[in-house]
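Take this structure first; my questions come after.
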Amino acid sequence: MLEKAYDPKPVEAARLASWDAAKLSHSEPRAGGRPYAIVIPPPNVTGALHIGHALNNALQDALIRHQRMMGRESCWVPGTDHGGIATQNVMEKLLKAEKTDRRALGRDAFLERMRSWTRDCKKTILGQLHRLGCALDWEREAFTMDEPRAKAVYHAFKTLWERGLIYRGERLVNWCVRCGTALSDIEVEREERKGALYHIHYPMEGGGEGLVVATTRPITMFGDAAVAVNPKDPRWKHMVGRNVLIPFIDRSIPVIADAYVDFEFGTGALKVTPAHDQNDWEIGERHKLPAIKAVGPEGKLTEAAGPYAGLSREKAHDQVVADLEARGFLRKKEDHKSAVQTCYRCLSVIEPLLSLQWFVKQTELAKAPLKSLDAGEFKIYPRNWEKPYRDWLVNIKDWCVSRQIWWGHRIPVWYKDGEKPLVSQASPGAGWTQDPDVLDTWFSSALWPLAVFGWPEKTADLAYYYPTSTLVTGYEILYLWVARMQMMGLAFEGKVPFADAVIHGIVRDKSGKKMSKSLGNVIDPLLMMDKHGTDALRFALLAQAHPGKDIAFDEQSVVGARNFVNKLWNSTRFVLMNLPEAPPAGGYTLEKLPHGRLETADAWILSRYQATLAKARAALDAYDPAAAAEALYAFLWDEFCAWYIELAKGRLLGADGEGKENARTILVQVLTGSLKALHPVMPFVTEEIYAALKPHAGEAAEFVLKGGYHRLDRDRSDAEVEKQMSRVMSAVAAIRSLRSQLNVPPGLKIKAVAEGPFARDLIGKHRAYAMSLAQLESIEPVNGGRPAQSATAVAEGVTFFIPLAGVIDFEKERERLSKDLAKAESDVAKCAVKLGNLSAAAGVPAEKVAQAQEQHGAALARRDRLKETIAVLS
RNA sequence: GGGCAGUUAGCUCAGCGGUAGAGCAUUGUCCUCACACGACAAGGGUCAUAGGUUCAAAUCCUAUACUGCCCACCA
């Protein structure tokens, strides 16, 4: 016998052990049928998993399990990402705490530390995914920096090089001073910050008034190559062609005319610093200006800054502004908001810096992804992400792939004096030195769906699983990762790496704020699992995972989910308690039900059951786990438990016979089928329950995943019986409401007298339902007028009189009924409007009009019954 | 500056052309023989605003106002 309350811990441990022992989630290529494959977005080896990972992986697991239940060979590849800058930053923090740094260690020792850290971290992360119940194919674990993946990276680099798509050049790149490396354009974030616009006077060379420029960053003036004005600007026309002097250092620069300059802005004169600003760089190109660095890679001012050389950007800024003011160069300072660029890894301000870097040409590579999007070979869910994705590809710029850090795939290019650079994985021989930089971590990530299956080798796995089916990820890496995988997959294999990309939202805190360590609002998924169980956490996340929407996460939702798990558990307990120890031969199967001789409740729950299964399945197919979870939750709790179980109790407690056997069969089958449908969302409790139910259900599958979903049987759908039941429910609800409002003690059975078109059915074939659910002592037809001293309950098609001598306060009763009447009147009015509309309009289907008429009739009847009753009371 | 979402019950969110829904929270009654992680009942919304389309609009269209996100070279 099951325990009274579900205890997740022992169940989860035992289930995981049995799944592992059976290698349940392992997949091998097999003949026949297209497989379903997902590659995990590999978590960075920077620490532990957070709640966003829990959502991301619960989603994937639900899809993988769903497809397995549908009978498809399904493979979910696990793995981790070395995480380049992010991981190196973690290690550098550790080293700092040890009062050392990477340079003191040296490259080799540093990398050794990184590898050891990575080993531990991988273990932690994969252990957490395991604990979350992820049906990952553990034998396929991959790491972006392991041997096979390194081979893939090399091969990709070499191929791109040979195709002329990789080049090295000195360009203006986004430089993170803190991380000490270049970043690609999409690794830069923007943040609006308050600052100032400084109007600085540049004197004319050889004396004269000169002009005033406006800038937000005075320190870049030491790198100025010119001052530009708009050729149409009359104020400055006379200055073009003359020279001005940079304050403090007195370097002479020309005044040039360039249409880029907006004469509405600032003073209409723009200082041009090609080495520190993209636009200025372009102006410099047009006018053949020198690019002079004012700030170096460490964030300190260079020799070009004369007296300020060596100062940090921040110190220099303050000093320069103060000096400009003291010397009278500062003509004006106004408040100004500007978007500063920040490093996505450490949030420090980006310095646009001229440096020698490796680039991948993108325009050519972006064509195939655009084509596959247009052809519908690749879809993004929800579809509204396709537009930004397309726009990004259309406006794509070359990708800076070199990083000046140590942790990563070292660029496989070797140099030797007097020789052309060589691309090689190993050293070409003595005298050759390898490029010191490593590749952007997203370079290896871009190859992930290929590399995990052994590419560039033509493996059987690659042939079978590639292209994969679905990729599940957050919108923050749509360009960074999704687009690049599409580019690489198409470039190397000519096929999209995955047909569908499912974009989910971010898990935020309960007030909708982004979780962050500094705000202290992070939710630890492990803690949630410890407190409430893994199934509860998964359900809570998935039930809120509406396509593409962020989740405002409140621990309360996990508690609610935990309650649902318990409800499921206890309903199983109830069913098992009402079954004989030994199930009948072959178990309780739906095939054994007598056709055409089912009770209303039986036919009703089967009808609802089929509808629910269909809905849940369709929702998962449409990547909408929330809809699936909600449908199953509502069905199991509000229909199966609240009504069907209650309706079946009479038969279960009564004498043996067909009715009892039917009830048992339906309880067993509906519960078993529902928990299977729920399995993708809550694998543990459903597996546990399945183990207890399967002998009774006549099933022998070792695991839920092996057995597959129950068959959908649309013949069980029965609109007529659903209507009958809704009337029974309405009748019961009316009496319950009356009891509650009149404070009739719950245990006290009362007599009821019924009249109306539905009264005969209720007193006849639905008698037992009404009696037990409404706690009635008896139910009889009205025989000559309503009983004296009775309260009235009006339901759909039936009116009850409940004799309650001495209990009724007529004043209160009238009040109560008046409230009902008001509601009924408003219903009548609404129905009348609708009916009037429909009858007046042309081209409305007769069916719709009939339906409206029926609704109107029912509302009228109810209203009239209430009116009569109140009249009698007065 | 461009684009995309969102604005529905106290909170978090479904619904997206035919009488306003869920979970949580609130109130009342009940430890009723599966479940107090429960049962039953109750209260609570002019569906952001203004126009329009329609027999009918929370739902479609057009503006407006906020909110959030993405993209973008205004110093």
Side-chain angles (χ1 to χ4, degrees), chain A residues 2 4-6 186 190 197-198 213-217 220 228 260-262 264-273 277-283 336 338-339 382 384-385 387-388 391-392 395 475-476 478-479 505-506 510-512 532 536 540 543-544 546 548-554 556-557 559-578 626-627 630 633-634 638 641-642 645-646 649 653 733 736-741 743-747 773 775 826-834 836-844 848 851-852 855-856 859:
Chain A
L2 306 178
K4 192 166 164 180
Y6 176 66
I186 38 179
R190 274 155 204 278
L197 190 63
Y198 301 89
V213 301
T215 180
T216 52
R217 297 193 64 203
T220 60
Y260 169 77
V261 181
D262 173 3
E264 301 285 311
F265 190 90
T267 62
L270 169 70
K271 58 191 272 317
V272 181
T273 324
D277 183 279
Q278 188 59 42
N279 295 312
D280 292 12
W281 170 261
E282 282 159 24
I283 295 172
H336 183 73
S338 62
N384 48 292
W385 279 106
K387 187 176 156 54
D391 291 349
W392 187 78
N395 298 313
Y475 50 74
E476 69 276 12
L478 183 62
Y479 314 127
I506 293 172
K510 65 175 167 184
S511 54
H532 311 295
Q544 296 177 85
H546 296 102
K549 296 270 180 89
D550 286 354
I551 295 173
F553 187 87
D554 187 342
Q556 271 306 312
S557 66
V559 173
R562 190 268 324 251
N563 294 350
F564 177 51
V565 172
N566 193 244
K567 188 74 181 176
L568 194 62
W569 179 260
N570 271 291
S571 53
T572 307
R573 210 159 73 94
F574 172 81
V575 171
L576 290 173
M577 282 167 73
N578 284 286
E630 278 160 12
Y633 181 99
D638 301 336
C641 289
I645 285 187
E646 296 307 321
K649 274 180 180 170
L653 297 172
R736 281 175 172 176
S737 177
L738 179 145
R739 291 180 62 116
S740 171
Q741 288 172 62
N743 290 324
V744 178
L773 294 184
Q775 290 275 23
S826 110
D827 284 354
V828 168
K830 282 175 191 163
C831 288
V833 168
K834 181 179 169 189
N837 282 338
L838 287 177
S839 330
V844 179
K848 281 208 156 187
Q851 198 191 359
Q855 284 170 349
H856 183 61

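We name chains A, B, ... by the order of the sequence lines, and we start the count at 1 in each one. Values below: every heavy atom of this structure, side chains too, minus hydrogens, waters and symmetry copies.
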Inset, instruction - May I ask you to say what D391(A) touches in the nucleic acid, namely base, sugar-phosphate or nothing, with a heavy-atom cut-off under 4.0 Å? - result: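 No contact.
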
Inset, instruction - Indicate, with a heavy-atom threshold strictly under 4.0 Å, whether L197(A) touches base, sugar-phosphate, or nothing. - result: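 No contact.
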
Inset, instruction - Would you check if the side chain of D550(A) reaches a backbone N or O of G505(A) as a donor-acceptor pair within less than 3.5 Å? - result: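 Flag not set: sc D550(A) to bb G505(A) has no pair under 3.5 Å.
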
Inset, instruction - Pick the P atom in G3(B) and in A72(B), then give their distance to the nearest Å. - result: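 Per the computed distance, 15 Å lies between those P atoms.
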
Legend entry - N566(A) side chain vs R562(A) backbone, donor-acceptor pair below 3.5 Å: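 Pair absent, no side-chain N/O of N566(A) close to backbone of R562(A).
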
Legend entry - U26(B) to C11(B) separation - C1' atoms, rounded to the nearest Å: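 Nearest-Å result for U26(B) against C11(B) at atom C1': 12 Å.
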
Legend entry - Closest nucleotide among U19(B), C73(B), A34(B) to the N279(A) side chain: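 Taking heavy atoms from C-beta onward, the closest nucleotide is C73(B).
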
Inset, instruction - Could you tell me the separation between the CD atom of E630(A) and the P atom of A22(B), rounded to a whole number of Å? - result: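 Value for this atom pair: 12 Å.
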
Inset, instruction - Using the C1' atom on both, measure A14(B) against G23(B) and round to a whole Å. - result: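 Here A14(B) and G23(B) have their C1' atoms 10 Å from each other.
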
Legend entry - From A20(B), A75(B), C4(B), nucleotide with atom closest to T215(A) side chain: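 Closest nucleotide to the T215(A) side chain: A75(B).
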
Legend entry - Of A552(A) and Y633(A), the one whose closest RNA chain B nucleotide lies more 5':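 First, find each residue's nearest nucleotide; the 5'-ward one identifies A552(A).
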
Inset, instruction - Ignoring backbone atoms, test whether K549(A) places a side-chain nitrogen or oxygen under 4.0 Å from the OP1 or OP2 oxygen of A14(B). - result: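 For A14(B), OP1/OP2 do have a side-chain N/O of K549(A) under 4.0 Å.
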
Legend entry - Heavy-atom side-chain proximity of Q855(A) to K830(A) below 4.5 angstrom: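 No - every pair of side-chain heavy atoms lies 4.5 Å or more apart.
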
Inset, instruction - To the nearest Å, give me how far apart CZ (F564(A)) and C1' (C24(B)) are. - result: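 After rounding, the reported distance stands at 16 Å.
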
Legend entry - Rounded interatomic separation in angstrom, taking NE2 from H546(A) and P from C16(B):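 Atom-to-atom, H546(A) to C16(B), this comes out as 11 Å.
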
Legend entry - Distance in Å, K510(A) NZ paired with Q556(A) CD, rounded so as to fall on 0.5 Å steps: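 K510(A) NZ to Q556(A) CD: 8.0 Å, rounded to 0.5 Å.
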
Legend entry - Length of the line joining L576(A):CG and C35(B):P, which is rounded to integer Å: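 My rounded result for the distance is 14 Å.
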
Legend entry - Side chain of R573(A) - closest among A75(B), A34(B), U19(B):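 Closest nucleotide to the R573(A) side chain: A34(B).
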
Legend entry - F265(A) vs L197(A) side-chain heavy atoms within contact, under 4.5 Å: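 Yes - at least one pair of side-chain heavy atoms lies under 4.5 Å apart.
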
Inset, instruction - Let me know the distance between CD1 of I506(A) and P of G6(B), rounded to the nearest Å. - result: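 In whole Å, G6(B) P and I506(A) CD1 are 16 Å from each other.
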
Inset, instruction - Assign the ring pair W385(A) / Y475(A) to parallel, tilted or perpendicular, where the plane angle (0 to 90°) is split at 30° and 60°. - result: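 It falls in the parallel class, under 30°.
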
Legend entry - K567(A) side chain near A39(B) phosphate (N/O to OP1/OP2, under 4.0 Å):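 So the side chain of K567(A) is within the cut-off, an N or O lying under 4.0 Å from OP1 or OP2 of A39(B).
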
Legend entry - Spacing of L568(A) atom CG and N563(A) atom CG [to the nearest 0.5 Å]: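 Rounded to the nearest 0.5 Å, the CG-CG separation comes out at 12.5 Å.
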
Inset, instruction - Map L838(A) and I551(A) onto RNA chain B by nearest heavy atom, then report which one ends up closer to the 5' terminus. - result: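 Closest to the 5' end, via its nearest nucleotide, is I551(A).
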
Legend entry - C641(A) and F574(A), any side-chain heavy atoms less than 4.5 Å apart: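 No - every pair of side-chain heavy atoms lies 4.5 Å or more apart.
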
Inset, instruction - Determine: side-chain N/O of N563(A) to OP1/OP2 of G38(B), distance under 4.0 Å, yes or no. - result: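 So the side chain of N563(A) is within the cut-off, an N or O lying under 4.0 Å from OP1 or OP2 of G38(B).
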
Inset, instruction - Figure out the CD/P separation between Q556(A) and G23(B), and round it to whole Å. - result: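 Rounded to whole Å, this separation is 14 Å.
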
Legend entry - Side-chain donor or acceptor of R736(A) paired with backbone N/O of L773(A) under 3.5 Å: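 Pair found, side chain donor or acceptor close to backbone of L773(A).
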
Legend entry - Whole-Å distance separating the CG atom of D554(A) from the P atom of C11(B):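 These atoms are roughly 13 Å apart.
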
Inset, instruction - Indicate whether OP1 or OP2 belonging to U19(B) is found under 4.0 Å from a side-chain N or O atom of K834(A). - result: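 For K834(A), the contact criterion (side-chain N or O under 4.0 Å from OP1 or OP2 of U19(B)) is met.
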
Inset, instruction - Take atom P in A58(B) and the same atom in A20(B), then report the distance between them in whole Å. - result: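 Rounded to whole Å, the distance is 8 Å.
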
Inset, instruction - State which of A34(B), A75(B), A72(B) makes the closest approach to the side chain of R190(A). - result: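 Among the listed nucleotides, the one closest to the side chain of R190(A) is A72(B).
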
Inset, instruction - With the side chain of A841(A) defined as its heavy atoms from C-beta on, choose the nearest nucleotide among A34(B), C55(B), U19(B). - result: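 The answer is C55(B), which lies nearest to the side chain.
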
Inset, instruction - For A65(B) versus A48(B), give the span between their C1' atoms, rounded off to a whole number of Å. - result: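 The same atom, C1', in both gives a distance of 8 Å.
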
Legend entry - 4.5 Å side-chain heavy-atom contact, T215(A) and T273(A):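 T215(A) does not reach T273(A) side chain to side chain.
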
Legend entry - N570(A) side chain vs K4(A) backbone, donor-acceptor pair below 3.5 Å: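 Yes, N570(A) side chain to K4(A) backbone: donor-acceptor pair under 3.5 Å.
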
Inset, instruction - Starting from Watson-Crick (N1-N3 plus N6-O4 or O6-N4) and G-U wobble pairs under 3.5 Å, report the runs of at least three that RNA chain B belongs to. - result: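 The stems that RNA chain B takes part in, listed by first number, are B:1-7 with B:65-71, B:10-13 with B:21-24, B:26-30 with B:38-42, B:48-52 with B:60-64.
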
Inset, instruction - May I have the distance from F574(A) (atom CZ) to C35(B) (atom C1'), rounded to whole angstrom? - result: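 So the two atoms are 11 Å apart, to the nearest Å.
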
Inset, instruction - Please confirm whether any donor atom in the side chain of K848(A) sits under 3.5 Å from an acceptor in the base of G18(B), or the reverse. - result: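 Side chain to base: pair present.
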
Inset, instruction - Classify the side chain of K4(A) versus the base of C35(B) as yes if they form a donor-acceptor pair under 3.5 Å and no if they do not. - result: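 No pair found.
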
Inset, instruction - Tell whether R562(A) reaches the base of C37(B) with its side chain through a donor-acceptor pair below 3.5 angstrom. - result: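 Looking at the base of C37(B), it does pair with a donor or acceptor on the side chain of R562(A) (distance under 3.5 Å).
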
Legend entry - Y479(A) and W392(A) aromatic ring geometry - parallel, tilted or perpendicular at 30°/60° bounds: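 Answer is parallel, since the angle falls under 30°.
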
Inset, instruction - Answer yes or no: is there a donor N or O on one side and an acceptor on the other, between the side chain of S737(A) and the main chain of A733(A), under 3.5 Å? - result: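 Checked: no pair found.
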
Inset, instruction - Under 4.0 Å between any heavy atoms, over every strand shown, what does K387(A) touch: base, sugar-phosphate, or nothing? Just pick one. - result: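 Here K387(A) touches the backbone only, sparing every base.
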
Inset, instruction - Please state the C1' separation for the pair U54(B) and G45(B) - nearest whole angstrom. - result: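 My reading of the C1' atoms in U54(B) and G45(B) gives 25 Å.
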
Inset, instruction - Under 4.0 Å between any heavy atoms, over every strand shown, what does V261(A) touch: base, sugar-phosphate, or nothing? Just pick one. - result: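 V261(A): base contact, heavy atoms under 4.0 Å.
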
Could you pull out the protein-nucleic contacts involving nucleotides 42-46 of chain B (nitrogen or oxygen on both sides, under 3.5 Å)?
| unit_1 | atom_1 | unit_2 | atom_2 | d |
| --- | --- | --- | --- | --- |
| A42(B) | OP1 | S737(A) | OG | 3.3 |

Legend entry - Nearest-angstrom distance, P atom, C16(B) to U7(B):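 Rounded to whole Å, the distance is 13 Å.
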
Legend entry - Inter-nucleotide P distance (A36(B), A50(B)), Å rounded: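 Here A36(B) and A50(B) have their P atoms 50 Å from each other.
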
Inset, instruction - Please work out if Y479(A) contacts a base, only the sugar-phosphate, or nothing of the nucleic acid, heavy-atom cut-off 4.0 Å. - result: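 Sugar-phosphate, backbone atoms only, no base.
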
